[in-house]
Amino acid sequence: DRPVIVEEEEGHANFMHRENNITIRSATVAPGYQYTVPVLKGVVSALDPNKQSPLNTDAPLAFTSVTSPYKPNTKLFDASAIRTPLPTNKWWQNLIIEQGVDPIHPYPYVVKCLGNASTVGFPKFQATATAMTSNMAVDWQIGDANAGALTQRLVTAYDALGVQVVWTGSSNAKMAARFYKGLPFVTYEMTAMAPVLSTIHAILKVEQLALTVNSYGANAPGNATKLAQQMADRPSLTQVTLNDGSQWLLVTKPTIQWKQAGSSQLVPQEGMTAPFTGILQLAHLGDSPGANAGVLQAYAGTYPTEGSVTYAKILDKQGTGRSADVVYVYKTNTDGGGDTSQVYAASSVPAAMQLLTLVLPHHVTLLPSASILSPGLAGYRCAKGPLAAVAGNIIAYSQPLDGTQAFEGVHAMSAADKQAIQQQLRKDVAASVNVTAPDPYFFGKGVARVARLYQIAQEVGDAAAGAALRDRLLALLRPWLVARANSDPLVYDATWGGVVSTAGLGDASADFGQGRYNDHHFHYGYFLYAGAVLARHDIAAFAPLREPLSQLLRDYANPSQADAQFPFMRHFDAYDGHSWAAGLFSFADGRNQESTGEAVNAYYGAYLFALALGLQDTADFYEIVLNMEATAARRYWHPTLAQAREQFGAPFAHNAVGILWASKADFATFFGASPEFIYGIQMLPFTPATRLLLQPDWVKEAWCPPDSSACAGGMKPAAEGAASNGWAQFLYTALSVVDRATALAKVSACTPDDGNTLTNVLHWIATSGQQVS
């Protein structure tokens, strides 16, 4: 339990808190305040993203530098503050691409940022047997009553968890908002404004709420003078009822007495003639308006001004195994009145100066039960399911890492398995090492297929096959990475900051949208896996490939925020715990991801690459991210039936999601709705890391759902209907974690996918499937 100072950029806390053996503390200085950066005792960062990259950022670019024909819309963001390398896959990406009119989804709300106003909606979710969708209702529009007061909105900053948007115009009026996921309040900072709130609904009732001592949480109610001052500092609260049945809490500081204007507008009452400067917060009151209002008013007025994430060092904890703490830290407006060099001491911080947040279902599983607020908030949800309330500026949970495998599988091969694998290996070396695909995705799958054979040859001790496969691997990678002699060369896009294909750069639809940063982690993860295997077994042969592969790694999983050429962790969303794939394409439903199997493979390849190069801290960081991705995939793409019904609604009838969006879930894929596609895309490619996705209880239930006739909707009929193709082989391989005998009997009759071989299938069943007693 080593005490380590976390730098100011790594976060602040404004209260004392203990979770997962983490203690946040500061030295006492004066009543009510502490002036030192908190100490996170026992938390050592796995990798400090603010420091110089462990990868070589001074090396010349390995790929020709070009500019993209798809230019950033600098009318949407402050180009002096947000510079290349630009974000391309953030959850709020819609704000800075196309015309910026599509919504973002800061759970539990849907928000639009128009040129002269902002809109807020509380989505309603509907489920069928194959989909969960949500509406895009605009419940409120927030703006200025004076035409022309707000005419431009810009994204002016972003951090690890959220984004800041500022509206300005021809007058002195200004409005700013910081959007983070998991906040029950949407907060707007207003300067010199005449605020007006409009709704598409009819307003039925506007009620000013009285403040109570309990709503403030004052710690010394016997001190009348102190209590009076505390109450005077509180924001005002207004409850509004709309004709759709919803109720909302409006919070203002200083006080605004709202009046109804017509049937669907709220404006300040007469007598408030001066422009308003202060904060406005809106919160839907969920399923239990009375109880929720009681909880919300205790935290009204506090909102985050900055968010950061710390990935702690991996520890082997007694009783719980290997794990790493993941810590979200929010600075708030109440940290010393906005001065974040000051933080409140525990003994004097009331609830009103703590931050109220909402966490996802997988967070609830990983957090200590005492962390969940009780009584909490009822009726708040997002596309991932119900949200639970947590009080405090720090959310810390323990991410299990016990299941991580390096290059080999979890089980040793038996002599019989080893012999069968070696026999098949020789057949596949003769037949399955040609890769002719011209695009980075299918070429990546092919070269990783050869790399799997090379790794397996090393494990079974076949030196001749290993040497041949090493030479083949080098012959495949050199034209792409060294000679750049392939037909669709990779280039460095200096406009956005990333490596893209030439075809993708010129055609937005080519190479799966590669030139617009769609699916880079899927594509380049295959390259990194191949490079990692080569580096592990022949570092000298690997040497010419090191720099170009490092730049592909920096493209999709850059471990440093100090890198001037590539953005930090392009796809990964630390709050959701998984990646988004959609790139520079705007969707009203928000970001999406289809293939969690390939997302896991991306960070598995990064992890192995760092291991092979001896970059242990970097490998630790990628191992944490790999396990976060797998944890989220198991919960939201591979749910049990009980989880699926809780998360997506009772009618949802499947153990799998094909595409998960920010606002909906589909039992489908972008390339078809056949069940074998939906299940298989969440598994491929099969490597030792795939075992992180395939939990035996889930495989058993998904193979033949217990409450269906003839296993309807399960993997069993999907595999049987797939005509012994590569998709069927994926499903039978997954079956091996619970039924090795049936899996072995089926896989040999299937034709492998273009990224797979029978050698790999037999090896996976032997080393990652059901263990032979």
Side-chain angles (χ1 to χ4, degrees), residues 109 111 116-120 122 138-147 149-150 165-169 171-178 183-212 215-216 228-242 246-285 289 292-294 296-303 332-334 337-338 352-353 356:
Y109 300 103
V111 169
N116 64 345
S118 178
T119 70
V120 176
F122 190 76
V138 177
D139 292 312
W140 292 102
Q141 179 168 302
I142 302 94
D144 195 291
N146 299 315
L150 302 177
V165 181
V166 174
W167 289 260
T168 55
S171 66
N172 293 327
K174 178 180 176 182
M175 184 168 74
R178 297 174 181 89
L183 295 180
F185 292 104
V186 182
T187 303
Y188 297 90
E189 298 171 321
M190 296 181 168
T191 302
M193 281 186 60
V196 58
L197 277 65
S198 306
T199 176
I200 62 170
H201 311 291
I203 299 171
L204 301 182
K205 185 177 182 182
V206 181
E207 179 185 8
Q208 189 81 14
L209 299 184
L211 291 171
T212 66
S215 74
Y216 186 67
Q229 180 60 51
Q230 289 174 337
M231 296 295 285
D233 288 341
R234 295 292 291 126
S236 65
L237 310 173
T238 303
Q239 189 165 331
V240 181
T241 303
L242 304 179
S246 67
Q247 296 185 47
W248 291 75
L249 184 66
L250 307 183
V251 179
T252 55
K253 184 179 179 180
T255 296
I256 292 180
Q257 300 282 346
W258 296 100
K259 73 170 185 177
Q260 192 169 331
S263 63
S264 58
Q265 276 195 345
L266 291 176
V267 296
Q269 289 188 7
E270 290 87 352
M272 183 180 168
T273 56
F276 176 73
T277 295
I279 65 163
L280 166 68
Q281 293 183 307
L282 299 89
H284 192 280
L285 289 177
N292 287 342
L296 287 167
Q297 64 178 316
Y299 300 90
T302 295
Y303 55 93
T332 75
N333 62 309
T334 62
M353 292 181 180
L356 185 64

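Positions are given from 1 along the sequence. Values below: all heavy atoms of this structure, side chains included; hydrogens, waters and symmetry mates excluded.
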Check: Are side-chain heavy atoms of Leu356 and Thr302 found at a separation under 4.5 Å?
Finding: no
Note to self: Side chains of Ser264 and Thr199: any donor to acceptor distance under 3.5 Å?
What the structure shows: no
Notebook entry, point to check: Taking atom CG of Asn292 and atom CG of Leu249, what is their separation to the nearest 0.5 Å?
Noted result: 10.0 Å
Item checked: Sub-4.5 Å side-chain heavy-atom contact between Leu280 and Met190 -> yes
Item checked: Under 3.5 Å: donor-acceptor pair, side chain of Tyr109, backbone of His284 -> yes
Checklist line | Minimum heavy-atom distance Ala300-Gln281, with the two atoms named | finding: C-OE1, 3.8 Å
Check: So do Val251 and Ser236 actually touch side chain to side chain, heavy atoms under 4.5 Å?
Finding: no
Notebook entry, point to check: Say you draw a straight line from CE of Met175 to CD1 of Ile142; how long is it, rounded to the nearest 0.5 Å?
Noted result: 7.0 Å
Note to self: I need the Phe122 CZ to Trp248 CH2 distance, nearest 0.5 Å.
What the structure shows: 7.0 Å
Notebook entry, point to check: What distance do Thr252 atom OG1 and Leu237 atom CG have between them, rounded to the nearest 0.5 Å?
Noted result: 8.0 Å
Notebook entry, point to check: Do you know which two heavy atoms are closest between Gly278 and Pro254, and how far apart they sit?
Noted result: CA-CD, 4.0 Å
Check: Roughly how far, to the nearest 0.5 Å, is CG of Asn146 from CG of Asn116?
Finding: 12.5 Å
Check: Quick one: CD1 on Ile279 to OH on Tyr303, what's the gap to the nearest 0.5 Å?
Finding: 5.5 Å
Next item on the list: Mind running side-chain hydrogen bond (donor to acceptor under 3.5 Å, both in side chains) on Thr119 and Gln141 for me, showing each step along the way?
Entry: CA-CA 4 Å; Thr119 70; Gln141 179 168 302; over 6 Å; no
Notebook entry, point to check: Are Val240 and Leu250 side-chain neighbours, meaning at least one heavy-atom pair lies under 4.5 Å?
Noted result: yes
Next item on the list: Check whether any side-chain N or O of Gln260 sits under 3.5 Å from a backbone N or O of Ile203 as a donor-acceptor pair, and report yes or no.
Entry: yes
Check: Can a donor-acceptor pair be found between the side chains of Thr238 and Gln208 at a distance below 3.5 Å?
Finding: yes
Check: Below 4.5 Å, heavy atoms only, C-beta onward: do Pro275 and Met193 meet side chain to side chain?
Finding: no
Checklist line | Ser118 vs Trp167 side-chain heavy atoms within contact, under 4.5 Å | finding: yes
Checklist line | Heavy-atom closest contact (Gln297 atom, Ala210 atom, distance) | finding: OE1-O, 4.1 Å
Margin query: Are the side chains of His201 and Asp139 in contact, using a 4.5 Å heavy-atom criterion?
Written below: yes
Item checked: Check: Leu282 and Leu197 side chains under 4.5 Å, non-hydrogen atoms -> yes
Next item on the list: Please determine if Lys174 and Glu189 form a salt bridge, counting it only when a charged side-chain N lies under 4.0 Å from a carboxylate O.
Entry: no
Margin query: Determine whether a donor-acceptor pair (N or O, by modelled atom type, separation under 3.5 Å) exists between the side chain of Asp144 and the backbone of Ala194.
Written below: yes
